[in-house]
Amino acid sequence: AVRATNDGIWDWDLTTRSMHFSERWKTLLGYEDFTWDEPDAWFKLVHPDDVERLRREIDQHLAGDSANFENEHRIRHADGDWRWVLTRGLTTCDANGTPIRITGSLSDITERRNAQQQLIHDALHDSLTGLPNRALFMDRLAHCLNHVERDPSYGCAVLFIDIDRFKLVNDSLSHTAGDRLLVEMARRVRRVLRPRDTLARLGGDEFTILLDGIAGSVEAKDIATRVGQAIAEPASFEGHELSVVASIGIAHNTEGIADAEDLVRNADIAMYHAKGHGGGRWETFDTSMHQRVLDRMSVETQLRQAIDQGSLRTFFQPIVDLRSGALHGLEALARWPAGDRELPPCDFIPVAEETGLISPLGTLILRSACQTLSEWRERQLVKPDVTVSVNVSICQITDGGLVDHVRAALKDAKLPARNLTLEITESTLIENPMLVSAELRELMYLGVTVHLDDFGTGYSSLTVLNDFPGDTLKIDRTFVDSMIGRPDSHTIVTSIVGLAHNLGLRVIAEGIENADQLHALTALGCEYGQGYHFARPLPAGEIETLLAGGNLTGAEDTRLPASISS
Ligand code: C2E
Ligand code: MG
Ligand code: MG
């Protein structure tokens, strides 16, 4: 039976203190050549951290405290490694009940223990970077906060890191490159931290750092600066020289924060703040930031309701053919009625973009714009070639489904595709030129025209401009605004118009507010214009009045009255 079993067998004579180990016991541990005859030979091989518990449990068993003896411990293999073994034993007593002998087995459980350890490790670590995950981070933070509770002078801080525009790396290179970037960032950040700090990956491109035991806010800021610099060092990926920056939020355990979740949330809020200020920087949390988040959430809730209830409105602003003075098109602009006034897009479009509400909002404006123009065409208030322009955000493109929405909106409104124009801002285009251009081409395939909005504000390269599939460029208002009386601005506008014409694009000047600007732009050969000089954005009803009054019929000879601008 001893030879048949895979386990090693041992037999300990308590009266003589001698011990017998089976051949198998020795082979399991690689000590074939040795002769063993005493228990200490065994104990000497046991891991120093485990030996005391082993001895104690044997003693307890001999004292009759336990029916069986069973212990898991590490033991030194002849090859020098530690093996995990399970040893079991049973005592034999003499007629008086005194233990005289203890006999048992030994089996190698290293694989099982390793698998267990691996499971525990995996449950607490991120598989990509090997860093602690959220669960382990929160646990360490909770421990640290316990420490703070006992000793309020003990300082700790949480840094929340988010790589700016990480999605761009993923979308434009590959997910593998994105993964490699994350691993590289983790390595670099780890390098600038102290051994006691915990760097964790929460998921995606979000990392947190627990600064355990720091002197104060200055030290946290120093570390945040170092972390930011480590991330910003250029790296090369798949043959591309890549330089990314991160936004970092810092939160301290001040103001009586006892909850780990709260501290991480505050660091997250501060991180968003850093992003809001352009990214590539750090911000320290203060309570006013939290208030702003709550305000923003309330805007989000109300905006969601406004979209659901269809209470958002579409205003229209004429775009004029500068050579003939005729109505060329109308730009649809979203307005949110709040109390007795209409909120401008700058108050809610950024929130909509951040919260994903921009897609339903955009579809709403798109449908209403198509519907309205279709009606005006039917009632012959506008000439058949007058277009309506709708603004499109990058999120509507990345969310997918834009082409389907456009097709459906045109079909439902019975509006020919050539009467719809989509406006993409220059910054949208450069954020992801390949993706955006591909989407635009698909839209143009439907027959829709595409304009590049706010040109001059986005620092696009000439390559991007050259690849732009649309046919018209809108010069941003800020250049038109300053072109009179400032020769440098005039030169910029002149160059943009020249550049556009050379690339075969037509030009719309935005924000024409007076006759001087109008004349200067006409002299430069700018084809179209839009601005308060002609008309402010107006609700459909007021546009109708203008159209019906013959002021905006688009008839070749009708000059738009500058008087509407007041
Ligand atoms: P945009 O597309 O460049 O629209 C032109 C903006 O310039 C409008 O601001 C318009 O009211 C303003 N404007 C026009 N003429 C003049 C002028 O002579 N002087 C001055 N000072 N301003 C003039 P608005 O309506 O506040 O819209 C701001 C931006 O919000 C738009 O800029 C557009 O990017 C965005 N937006 C508006 N509606 C939507 C929408 O439905 N979807 C999306 N994604 N964005 C929208
Ligand atoms: Mg626009
Ligand atoms: Mg614009």
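Note: hydrogens, waters and symmetry copies are ignored here, and every other heavy atom, side chains too, is used. As the structure lists them, so they are numbered: ligands from 1, and atoms in each ligand from 1.
- Under the 30°/60° scheme for interplanar angles, the aromatic rings of Trp336 and Phe348 are found to stand perpendicular.
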Would you give me the side-chain donor-acceptor pairs under 3.5 Å for residues 159-169, sequence neighbours excluded?
| residue | atom | partner | partner atom | Å |
| --- | --- | --- | --- | --- |
| Asp162 | OD1 | Lys275 | NZ | 3.0 |
| Asp164 | OD1 | Ser247 | N | 3.4 |
| Asp164 | OD1 | Ser247 | OG | 2.7 |
| Asp164 | OD1 | Lys275 | NZ | 2.5 |
| Asp164 | OD2 | Ser247 | OG | 3.4 |
| Asp164 | OD2 | Gly280 | N | 2.6 |
| Lys167 | NZ | Asp171 | OD2 | 2.8 |

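- Neither the backbone nor the side chain of Asp476 has any atom closer than 4.0 Å to an atom of ligand 1 (non-hydrogen atoms only).
- Proximity of Ile365 to ligand 1, defined as any heavy-atom pair under 4.0 Å, is confined to the side chain (atoms from C-beta onward).
- Less than 4.0 angstrom separates some heavy atom of Glu513 from each of these atoms of ligand 1: 17 (C), 18 (O), 19 (N), 20 (C), 21 (N).
- Atoms of ligand 1 found under 4.0 Å from any heavy atom of Ser393, numbered from 1 in the order shown, are 44 (N).
- Distances from the Mg ion (ligand 2) to the N/O/S atoms of Glu331 are shortest for OE2.
- Given atom 1 (P) of ligand 1, the protein heavy atom at minimum distance is Asp453 OD2, 3.7 Å.
- Considering only non-hydrogen protein atoms, atom 42 (N) of ligand 1 sits nearest to Asn391 O, 3.5 Å.
- Heavy-atom separations between Lys474 and ligand 1 are all 4.0 Å or longer.
- Each protein N/O/S atom under 2.8 Å from the Mg ion (ligand 3) was counted, for a total of 4.
- Here the CG atom belonging to Leu518 is positioned 4.5 Å from the NE2 atom belonging to His533, to the nearest 0.5 angstrom.
- A donor-acceptor distance shorter than 3.5 angstrom exists from the side chain of Gln517 to the backbone of Asn514, with no hydrogens or angles considered.
- By the neighbour-count criterion of 12 heavy atoms within 6.0 Å, atom CZ of Arg188 is densely surrounded, having more than that number from other residues, nucleotides or ligands.
- Partner of Lys474 under the side-chain hydrogen bond (donor to acceptor under 3.5 Å, both in side chains) criterion, out of Glu426, His451, Glu423: Glu423 alone.
- Distances between N or O atoms of Gln530 and those of ligand 1 include no value under 3.5 Å.
- For the ligand labelled ligand 1, residue His533 lies outside the 4.0 Å heavy-atom shell.
- Atoms of ligand 1 lying under 4.0 Å from at least one heavy atom of Asp454, given by number and element, are 3 (O).
- Taken from CG in Asn432 to CD1 in Ile397, the straight-line distance is 9.0 Å, to the nearest 0.5 Å.
- The shortest N or O to N or O distance between Tyr532 and ligand 1 is below 3.5 Å.
- When the heavy-atom distances from atom 15 (N) of ligand 1 to Glu342, Gln317, Glu510 are ranked, the shortest goes to Gln317.
- Interface atoms of ligand 1 facing Glu423, defined by a heavy-atom separation under 4.0 Å, are 2 (O).
- The backbone N or O of Val507 sits less than 3.5 Å from a side-chain atom of Glu527, completing a donor-acceptor pair.
- For OH of Tyr272, the number of neighbouring non-hydrogen atoms (other residues, nucleotides, ligands) closer than 6.0 Å is 12 at most.
- For ligand 1, the polar-atom distance check against Pro344 finds no nitrogen or oxygen pair separated by under 3.5 Å.
- Between Arg304 and Glu300, at least one side-chain N (NZ, or NE/NH1/NH2) sits under 4.0 Å from a carboxylate O, which counts as a salt bridge.
- Applying side chain to side chain contact (heavy atoms under 4.5 Å, CB included) to Leu373 and the options Thr387, Val382, Leu381 leaves one that passes, Val382.
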Step-by-step side chain to side chain contact (heavy atoms under 4.5 Å, CB included) determination, Val392 to Leu366: CA-CA 9 Å; Val392 173; Leu366 171 72; over 6 Å; no
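- Nearest protein heavy-atom neighbour of atom 38 (N) of ligand 1: Ala334 N, 3.1 Å.
- The heavy atom nearest to atom 30 (O) of ligand 1, out of those in Pro345, Ala352, Gly511, is found in Pro345.
- In terms of polar-atom proximity, defined here as any N/O pair under 3.5 Å, Thr425 makes no such contact with ligand 1.
- By the 4.5 Å heavy-atom criterion applied to side chains, Val351 and Leu357 are not counted as neighbours.
- By the 4.0 Å heavy-atom criterion, Pro537 is counted among the residues contacting ligand 1.
- The closest non-hydrogen atom to atom 7 (O) of ligand 1, taken over Arg477, Arg335, Arg536, Glu353, comes from Arg477.
- More than 12 non-hydrogen atoms from other residues, nucleotides or ligands lie less than 6.0 angstrom from CD of Glu241.
- Between Asp295 and Arg292, no side-chain nitrogen of the basic residue sits less than 4.0 Å from a carboxylate oxygen of the acidic one, so the salt-bridge criterion is not met.
- With hydrogens left out, the protein atom closest to atom 31 (C) of ligand 1 is Leu333 CD2, 4.2 Å, a heavy atom.
- Glu378 and Lys414 are not joined by a salt bridge, as no carboxylate oxygen comes within less than 4.0 angstrom of a charged side-chain nitrogen.
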